[in-house]
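Here's the structure, in structure tokens; my notes come after.
Worth knowing before you read on, the calculation uses all heavy atoms, side chains too, and leaves out hydrogens, waters and symmetry mates.
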Amino acid sequence: MSRLLILMILTFVAPLGGCSESSAPAGENGLTRIEGQVYAPLEGAYLYVYRQGMDLHGPAYVVSRASDQDGRFELSLPEGDYMAVVRKRQSGETSGPVVAGDHRSEMIPLKVRGGRLTLNVEAPRKVGDERLLAQDQLAARTGLSGTILDSEGRPVEGARVHVYDHVQMSERPKYVSEQTGPDGRYLIHLPEGGTYYLAARDRFGGPPQIGDLYGRYDQGTIEPSAVILEEGRILEDVDIRVTKVW
């Protein structure tokens with residue numbers, strides 16, 4: 001279990017692992033300056049800040065710039081109650097699932113009441129991958145493959161297939177593929193056969209936003225089409241078309 005050392009300067013020192021709060025006068029434009037360092041130090045990490053009640057796996061309310069070579073980062077926040085987490089993905093991306101080998105801190109509760117806040121955070125490397133991404137399932141013999149295409153039928157690079165086990169597709173995906181290459185091809189290994197529903201998109205987390213590429217696997221129907229996968233089989237040519245969200 002990683003430990004969080006959260007130091008509130010000016011007026012308050014938070015207990016280890018406890019909620020953080022600052023009560024000094026607000027800074028410029030009523031914003032609180034958040035400064036911090038990720039140990040050991042860790043370069044290229046980001047602080048993701050969520051308002052209370054937001055999906056902690058979806059798009060953040062605000063994201064810091066990447067930490068520098070000394071592990072330092074900074075951002076500003078208005079008063080409010082937040083949850084924060086530090087993440088660094090080996091891929092260099094700022095969104096997507098955290099997989100084995102990536103860095104992630106524990107969730108940090110923040111009560112911002114003006115002044116300045118300093119966070120010293122440990123973000124250990126993740127070992128194992130409960131999300132069962134394709135690269136960790138190479139030995140599996142059950143899975144799906146196909147091509148992600150745009151509206152003109154051209155392959156889409158940098159997209160992922162999201163696999164759901166409910167037709168509503170409103171919960172978090174059960175499995176997520178690796179990103180497609182220039183040929184738009186994907187291959188995702190699954191631990192068992194079953195009935196699945198698929199979507200493809202170029203971003204991970206939260207509902208599709210304007211400008212995102214998004215599409216569901218269907219066979220010309222309004223509702224997404226079910227994919228019935230037999231145990232021990234790679235079902236091929238499961239192609240998905242994506243279009244830009246407007």
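Salt bridge annotation for Arg72-Glu35: absent, with no cationic side-chain nitrogen under 4.0 angstrom from a carboxylate oxygen. For Arg154 and Asp150, the salt-bridge test passes: some basic side-chain N is under 4.0 Å from an acidic carboxylate O.
When side chains are defined from C-beta on, Gln209 does not count as touching Val245, because their heavy atoms never get closer than 4.5 Å. Taking 4.5 Å as the limit, some side-chain heavy atom of Ser225 sits within range of a side-chain heavy atom of Asp218.
Of the possible polar contacts, none joining the Thr118 side chain to the Gly36 backbone as a donor-acceptor pair under 3.5 Å is found. Between the side chain of Arg125 and the main chain of Gly101, a donor-acceptor pair closer than 3.5 Å is present. In this structure, Arg51 contributes its side chain and Tyr82 its backbone to no donor-acceptor pair below 3.5 Å. Under a 3.5 Å cut-off, the side chain of Ser177 and the backbone N or O of Ile188 do not form any donor-acceptor pair. Using a distance-only test at 3.5 Å, with no hydrogens or angles considered, a donor-acceptor pair links the side chain of Asp183 to the main chain of Arg185. Side chain of His103 to backbone of Lys88: no donor-acceptor contact under 3.5 angstrom is found. For the pair Arg201 (side chain) and Arg203 (backbone), a donor-acceptor distance under 3.5 Å is present. For Asp202 (side chain) and Leu213 (main-chain N/O), a donor-acceptor pair under 3.5 Å exists by modelled atom type. Remark: the backbone N or O of Glu192 is not paired with any side-chain donor or acceptor of Thr142 at under 3.5 angstrom. Between the side chain of Thr147 and the main chain of Pro155, no donor-acceptor pair closer than 3.5 Å is present.
From Arg241, atom CZ reaches atom CG of Leu149 across 5.5 Å, with rounding to the nearest 0.5 Å.
Annotation: cation-pi pair Arg216/Tyr197 absent, no NZ/CZ under 6.0 Å from the ring centroid and within 45° of its normal.
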